[in-house]
Q: 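Pasting a structure here, questions to come.
Just so it is clear, the values below take in all heavy atoms, side chains as well, and ignore hydrogens, waters and symmetry mates. Numbering starts at 1 and runs along the sequence shown. Quantities reported herein were computed from a predicted structural model and do not represent experimental measurements.
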Amino acid sequence: MLSVFRSFIRSKFGALFAILFLGIIAAAFIMGDITSGKFGSGSMLGGGSAAKANGQTLSQGEFQDRVQRVFENARRSNPGLQISDFFAQGGAAQVFDQLVASLTLRAFADDQGVHISKRLVDAQIAQIPAFQDAAGNFSNDNFRALLARERLTEQALRDDISREILQRQLLAPIGLGARPSETLVLPYASLLLEARQGTVAAIPAVAFLDDKNPTDAQLADYYKKNSPRFTIPEQRQIRYAVVDASRFAQASNPTDAEISAYYNQNKTAYAAKQSRTVEQLVLPTQAGAKAIADQVKGGKSLADAAQGAGLAVATLADQSREALTASAGKTVADAAWAAKQGELVGPVRGSLGWLLLRVTAVNETAARPITAVRGEIVEKLRVQKEKQLLTDFTGKLEDQIADGGTFEEVVKDNGLTLETSPALLSTGKQVKDQTYLPTPDIQPLVAPVFAMSADDDAQLVPIVADKRYALVAPGQITAAAPPPLAEVKQLVLAQYKLNAGNLKAKALAEQIQAKVAKGAKLSDAIAQAGVKLPAPQQLGGRRADIMRGEQRPPAEVAILFSMAANTVKTLPIGQDRGYFVVQLSKIERGDAKGQPQLLAQVRDQLGEVIGQEYGQQFERAVEKELKVTRNPNAVAQVRQALSATNSGDQ
């Protein structure tokens with residue numbers, strides 16, 4: 001419901017604001033869990049100024065590095081993303097606004113004497129999962145190793161975190177408690193209950209396909225102008241070397257001395273044991289416990305006597321003395337072990353009250369000599385040693401990479417076998433072999449390799465955790481590009497004809513729209529079109545139902561909610577498939593007065609949006625007050641530089 005509302009009432013700058021004030025480090029570092037590969041990399045643009053605020057400067061190099069970092073984060077969730085797409089979506093401009101906002105608020109904080117303590121930054125660092133060990137505690141070794149691997153200084157990290165905390169502290173209170181009035185909430189809430197009905201007619205492009213083929217020149221010209229439609233996404237070969245635990249099979253076999261030592265260290269596990277199954281009844285008073293005990297002594301079972309008092313007996317099955325002591329206390333365990341099988345014990349004072357106990361079974365387990373458990377110990381030690389040897393070996397590989405060893409050097413020095421996959425798409429598929437399926441070894445490597453840059457260090461990727469790993473690096477990278485026309489001529493020819501048919505469908509749709517606008521029925525205009533077309537359909541519904549959750553309604557339905565009553569519009573079906581003619585025939589206004597839950601949801605959402613707007617206006621006001629200057633060419637220069645460095649080898 002809230003996402004439906006968001007799509008209708010968010011401000012013009014809402015999406016940008018959400019990115020702008022999430023915080024640089026939260027978006028680009030912490031939330032990315034430090035997996036990017038170009039942190040702290042050198043910038044082609046040097047130290048030119050991108051923005052200045054009250055004596056503080058955002059360098060062009062820092063701006064470029066940040067854009068590269070955010071782009072790489074985006075590629076992790078969408079490996080097929082190209083730098084041109086990132087720029088087309090406004091990525092560089094958004095990052096620039098984000099950095100300028102951070103610079104502005106930092107300058108404002110300094111001017112007002114607001115500072116972030118080292119202790120607060122330390123606490124934030126300790127909460128980053130990438131810096132924690134397996135137990136969830138901060139690991140200084142992990143911290144140093146990751147900073148070194150990412151070529152990021154500790155001070156740079158601390159500066160980023162300080163800025164993020166500062167933004168949070170300055171902006172959060174501004175929008176806190178923003179609460180719109182009932183008169184403002186009601187119209188927006190009522191919009192969600194509005195229902196609309198309309199008639200939709202499809203004018204498909206296939207109804208106008210021409211049997212005559214275009215000339216080669218026409219086809220070549222069409223292909224040149226529409227080459228992005230036929231562009232093959234980036235392809236990568238994967239270079240990898242597998243490290244399997246079986247490599248250490250012989251070395252992991254335990255010696256006789258190790259087997260004996262393990263047996264002696266765990267003698268209690270192989271010693272003779274006794275376990276007991278105990279019925280237990282807990283009562284609040286000693287007198288009540290005695291009364292039940294008297295009934296049992298008189299011939300009743302403990303379960304029947306308990307049931308008569310409205311209670312139930314609990315059975316503790318196959319308990320060792322240690323386990324019963326831990327759960328019920330030493331007094332209870334001693335009493336149970338002093339009793340004979342079938343004997344009622346108690347009342348005994350326990351932590352929860354007075355207990356009656358009956359031992360229903362006594363199980364004896366004989367001691368097991370080393371000869372009887374040797375195979376069990378061998379397998380346990382073998383698994384432990386194999387895992388440790390594998391861990392040590394993979395750690396050695398990572399150390400060599402961190403010390404500057406190349407992928408080829410590390411593979412050769414450690415006797416690994418270098419393998420190379422065919423050129424793959426980010427989906428793991430091949431362009432020229434649609435039947436290709438990546439092997440079980442290659443499948444887990446596709447996403448990590450597509451998230452790497454061409455000059456990133458090799459990485460260890462688990463294939464089967466604690467069993468099989470691969471040291472990987474990108475191989476040959478083929479940038480996204482359209483193939484030669486000869487290879488896709490038939491596809492281009494089909495698309496050319498469909499495009500021509502789409503133009504005719506558009507012309508007919510506009511003619512039908514004009515007739516309907518003058519009063520003709522849509523169904524009559526379709527019947528008189530001179531071409532066999534699908535019959536019009538009635539579509540519509542309530543706004544909240546059609547646009548529920550994150551789902552996007554069909555365009556021909558969504559357009560009904562942006563039309564005036566009794567109007568008609570044309571709408572492209574998309575991908576040159578034709579056009580819709582949409583006529584809005586009925587509007588039923590919604591009224592949310594009697595729906596307090598909906599009003600509350602909308603009020604909360606509106607309050608969030610208003611709070612964001614307050615924060616944005618505050619930042620803009622500070623920027624104006626401090627006379628922040630922006631380099632008007634900063635974004636264009638970064639786009640040019642990164643387009644070059646991320647084209648063919650990214």
Side-chain angles (χ1 to χ4, degrees), residues 11 13-32 34 39-40 47 49-63 65-67 69-70 93-128 130-131 138 143 147 152-179 607-631 634:
S11 69
F13 301 102
L16 173 60
F17 186 89
I19 295 173
L20 187 61
F21 293 112
L22 279 177
I24 297 169
I25 187 64
F29 191 85
I30 296 175
M31 294 177 75
I34 318 176
F39 286 29
S49 173
K52 293 183 179 180
N54 209 28
Q56 299 193 30
T57 301
L58 168 66
S59 72
Q60 192 75 356
E62 181 184 356
F63 174 32
D65 287 343
R66 188 72 66 173
V67 172
R69 187 183 306 175
V70 174
Q94 290 179 359
V95 172
F96 184 54
D97 284 341
Q98 178 186 26
L99 289 171
V100 173
S102 175
L103 181 74
T104 300
L105 293 176
R106 183 60 178 268
F108 174 77
D110 289 347
D111 187 60
Q112 299 297 315
V114 178
H115 300 286
I116 304 302
S117 69
K118 180 179 180 296
R119 181 175 296 181
L120 187 57
V121 175
D122 288 343
Q124 189 76 41
I125 290 175
Q127 294 175 19
I128 298 176
F131 295 146
F138 175 75
F143 176 67
L147 289 183
L152 184 71
T153 67
E154 179 180 347
Q155 189 57 49
L157 171 64
R158 288 183 173 278
D159 289 344
D160 268 352
I161 292 179
S162 294
R163 284 193 290 265
E164 191 273 330
I165 296 174
L166 189 62
Q167 286 179 280
R168 212 165 49 221
Q169 290 184 346
L170 289 176
L171 296 177
I174 294 173
L176 191 65
R179 183 179 178 84
E608 178 184 341
V609 173
I610 292 172
Q612 290 177 348
E613 292 289 347
Y614 287 167
Q616 185 185 34
Q617 293 306 318
F618 173 78
E619 188 276 325
R620 294 303 186 203
V622 171
E623 186 174 332
K624 184 177 180 180
E625 177 69 22
L626 297 181
K627 296 181 174 57
V628 175
T629 59
R630 299 182 180 217
N631 180 352

Q: Report the distance from atom CD of Glu623 to atom OG1 of Thr629, rounding to the nearest 0.5 Å.
A: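 Output value for this atom pair is 9.5 Å.
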
Q: Measure across Ala50 and Ala634 and return the closest heavy-atom pair with its distance rounded to 0.1 Å.
A: CB-CB, 4.1 Å

Q: Determine whether Gln56 and Asp110 make a side-chain contact, defined as any pair of heavy atoms from C-beta on separated by less than 4.5 Å.
A: yes

Q: Nearest 0.5 Å, please: how far is CD in Gln167 from CZ in Arg106?
A: 10.5 Å

Q: Please determine whether a side-chain nitrogen of the Lys or Arg among Asp159 and Arg163 lies less than 4.0 Å from a carboxylate oxygen of the Asp or Glu.
A: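 Looking at Arg163 together with Asp159, the answer is no, because their closest N to O distance does not fall below 4.0 Å.
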
Q: Return the CG to CZ distance between Asp122 and Phe138, rounded to the nearest 0.5 Å.
A: 8.0 Å

Q: For a side chain to side chain contact (heavy atoms under 4.5 Å, CB included) check, start with the C-alpha distance between Arg630 and Asp97, then their side-chain angles and the critical distance, and finish with the verdict.
A: CA-CA 10 Å; Arg630 299 182 180 217; Asp97 284 341; 2.7 Å; yes

Q: For residues Phe63 and Leu58, report the shortest heavy-atom separation together with the two atoms involved.
A: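 Closest pair (atom of Phe63, atom of Leu58, distance): N-CD1, 4.3 Å.
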
Q: Could you check Asp160, Ile161, Leu157 and say which one makes a side-chain contact (heavy atoms from CB on, under 4.5 Å) with Val121?
A: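 Result: among Asp160, Ile161, Leu157, Ile161 is the only option passing the side-chain contact (heavy atoms from CB on, under 4.5 Å) with Val121.
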
Q: Any non-hydrogen side-chain atom of Arg158 less than 4.5 Å from a side-chain atom of Lys118?
A: yes

Q: Could you state the interatomic distance from CZ (Arg119) to CD (Gln124), rounded to the nearest 0.5 Å?
A: 15.5 Å

Q: Can you tell me how far apart CD (Glu154) and CZ (Phe143) are? Round to the nearest 0.5 Å.
A: 4.0 Å

Q: Pick one: which of Val622, Ile165, Leu105 meets side-chain contact (heavy atoms from CB on, under 4.5 Å) with Leu170?
A: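 Among the candidates, only Leu105 passes.
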
Q: Kindly give the heavy-atom pair with the smallest separation between Ala107 and Ala53, and that separation in Å.
A: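 Closest approach of Ala107 to Ala53, heavy atoms only: CB-O, 3.6 Å.
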
Q: Which atoms form the tightest heavy-atom contact between Ser49 and Asn631, and what is the distance?
A: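 Distance-wise, the nearest heavy atoms are O-ND2, 3.2 Å.
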
Q: Looking at Val100 and Ala51, what are the two nearest heavy atoms and their distance?
A: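 Minimum heavy-atom contact is CG2-CB, 3.9 Å.
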
Q: Using every non-hydrogen atom in the two residues, find where Ser59 and Glu62 come nearest and quote the distance to one decimal.
A: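 The answer is OG-N, 3.0 Å.
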
Q: How long is the span from the CG atom in Asn54 to the OG1 atom in Thr104, to the nearest 0.5 Å?
A: 10.0 Å

